[in-house]
Amino acid sequence: MKIRDVMSKDVQVARPEDTLQNVAGRMAAGDFGFIPVADGDRLIGALTDRDIVVRAVASGAGPEARVLDVLSRDALVVRADDDLKVALDLMSSRQIRRLPVVDKDGRLVGVVSLGDLSTRVKERYAGEALEEISRPQG
């Protein structure tokens, strides 16, 4: 099975010029803590609720600070035509729960989460991935 078969296609996207307050409000309203950042249809990074707290608020940035100033660049991605195991392996090895999905031309087409994968793969593999993702780094 391919990632395109399980990914979320209806994805909120932040723009580099958006304010942190705007994006944080969208995260709160939608009950999510991760948002891809795109310039047009090109992924340039991702922003998490943790990025907002650790990179922005902790360093004194205000609500009008721009996403561009605190986003995580070089976000790990998977391609829509990759096998599900590619995403699980990447999530496990890097301890992440969500990945932007791009097409063969590098355009953002969705997001795949551990939850998306766990509904489609053997329970054992999803459990192993969750265990790796949740393991404290040391």
Side-chain angles (χ1 to χ4, degrees):
M1 186 172 290
K2 303 293 183 186
I3 290 172
R4 71 174 156 265
D5 299 323
V6 300
M7 70 182 189
S8 299
K9 296 174 186 161
D10 183 26
V11 177
Q12 290 274 329
V13 176
R15 302 293 175 202
E17 67 276 0
D18 288 346
T19 66
L20 295 182
Q21 183 173 24
N22 173 274
V23 174
R26 290 168 48 201
M27 287 178 164
D31 193 27
F32 55 88
F34 167 91
I35 191 166
V37 180
D39 190 3
D41 61 359
R42 296 282 174 200
L43 182 72
I44 61 169
L47 186 71
T48 65
D49 47 7
R50 188 174 194 286
D51 291 331
I52 293 171
V53 172
V54 173
R55 287 199 187 126
V57 175
S59 68
E64 295 306 314
R66 302 288 173 199
V67 166
L68 184 63
D69 298 329
V70 296
L71 67 93
S72 295
R73 294 190 180 274
D74 301 322
L76 296 173
V77 300
V78 289
R79 289 185 38 171
D81 57 355
D82 285 340
D83 288 325
L84 296 183
K85 186 156 177 18
V86 171
L88 274 174
D89 290 346
L90 189 56
M91 289 173 164
S92 293
S93 67
R94 300 302 281 277
Q95 293 188 303
I96 52 179
R97 297 174 187 266
R98 295 166 222 87
L99 289 168
V101 181
V102 296
D103 67 12
K104 62 182 175 65
D105 298 316
R107 291 185 299 249
L108 180 66
V109 294
V111 170
V112 65
S113 70
L114 185 59
D116 295 330
L117 294 172
S118 68
T119 63
R120 297 296 185 117
V121 298
K122 290 182 180 177
E123 188 175 303
R124 182 181 115 218
Y125 295 123
E128 289 171 1
L130 181 58
E131 183 178 320
E132 288 298 318
I133 291 165
S134 300
R135 180 172 284 133
Q137 294 181 0

* Test side chain to side chain contact (heavy atoms under 4.5 Å, CB included) on V67 and E17 and set out the steps. => CA-CA 6 Å; V67 166; E17 67 276 0; over 6 Å; no
Counting only N and O atoms by type, is there a donor-acceptor contact under 3.5 Å from the side chain of [X] to the main-chain atoms of [Y]?
X: R98; Y: G33; value: no
X: R97; Y: M91; value: no
X: S72; Y: A75; value: no
X: D5; Y: K2; value: yes
X: S8; Y: V11; value: no

Could you tell me which non-hydrogen atom of [X] sits nearest to which non-hydrogen atom of [Y], and how far apart they are?
X: A80; Y: V109; result: CB-CG2, 4.2 Å
X: V111; Y: P36; result: CG2-CG, 3.7 Å
X: A61; Y: A65; result: CB-CB, 4.0 Å
X: P16; Y: V37; result: N-CG1, 4.0 Å
X: A56; Y: V70; result: CB-CG1, 3.7 Å

[X] side, atom [atom1]; [Y] side, atom [atom2] - distance, nearest 0.5 Å:
X: D49; Y: F32; atom1: CG; atom2: CZ; result: 10.0 Å
X: E64; Y: L20; atom1: CD; atom2: CG; result: 9.0 Å
X: D82; Y: M1; atom1: CG; atom2: CE; result: 14.5 Å
X: I3; Y: D81; atom1: CD1; atom2: CG; result: 8.5 Å

* side-chain hydrogen bond (donor to acceptor under 3.5 Å, both in side chains) with D74: which residues, sequence neighbours excluded? ->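 With sequence neighbours excluded, D74 shows a side-chain hydrogen bond (donor to acceptor under 3.5 Å, both in side chains) to no residue whatsoever.
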* Asked: Of all residues at least two apart in sequence or in a different chain, which pass the side-chain hydrogen bond (donor to acceptor under 3.5 Å, both in side chains) check with R66?
  ->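 Expected list: none.
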* Minimum side-chain heavy-atom gap L47-I52 below 4.5 Å ->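 The answer is yes; the side chains approach within 4.5 Å.
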* Asked: With side chains defined as the heavy atoms from C-beta onward, is the minimum distance between D18 and R26 less than 4.5 Å?
  ->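 A side-chain contact under 4.5 Å exists here.
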* So, D83 and K85, do they make that salt bridge, N to O below 4.0 Å? ->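 Salt bridge flag = no for K85 with D83.
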* Ion pair check, R55 and D69, cut-off under 4.0 Å ->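 No salt bridge links R55 with D69.
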* Distance-only donor-acceptor check, side chains S92 and D89, under 3.5 Å ->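 Side-chain D/A pair, S92 to D89: absent.
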* To do: Give a yes-or-no answer on whether the side chains of D51 and T48 include a donor-acceptor pair shorter than 3.5 Å.
  =>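 Present: a donor and an acceptor within the cut-off.
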Spell out, yes or no, whether [X] and [Y] are grouped together once hydrophobic residues are joined by side-chain heavy atoms under 4.5 Å, including indirect joins.
X: V6; Y: L114; answer: yes
X: I96; Y: V112; answer: yes
X: V13; Y: L71; answer: no
X: L90; Y: M7; answer: yes
X: L88; Y: V86; answer: yes

* To do: Apply side-chain hydrogen bond (donor to acceptor under 3.5 Å, both in side chains) to the pair S113 and D116, showing each step before the final yes or no.
  => CA-CA 5 Å; S113 70; D116 295 330; 3.3 Å; yes
* Is R42 atom CZ crowded by more than 12 heavy atoms from other residues, nucleotides or ligands, each under 6.0 Å away? ->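 Check passes, neighbour count above 12.
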* Dump the intermediate steps for side chain to side chain contact (heavy atoms under 4.5 Å, CB included) on L99 and V77, then the final yes or no. => CA-CA 6 Å; L99 289 168; V77 300; over 6 Å; no
* **Candidate pair V101 and L108, rule side chain to side chain contact (heavy atoms under 4.5 Å, CB included), full reasoning** => CA-CA 6 Å; V101 181; L108 180 66; 5.8 Å; no
* **Those residues that, when tested against D41, pass salt bridge (Lys or Arg N to Asp or Glu O under 4.0 Å) (two or more places apart)** =>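 Residues passing salt bridge (Lys or Arg N to Asp or Glu O under 4.0 Å) with D41: R107.
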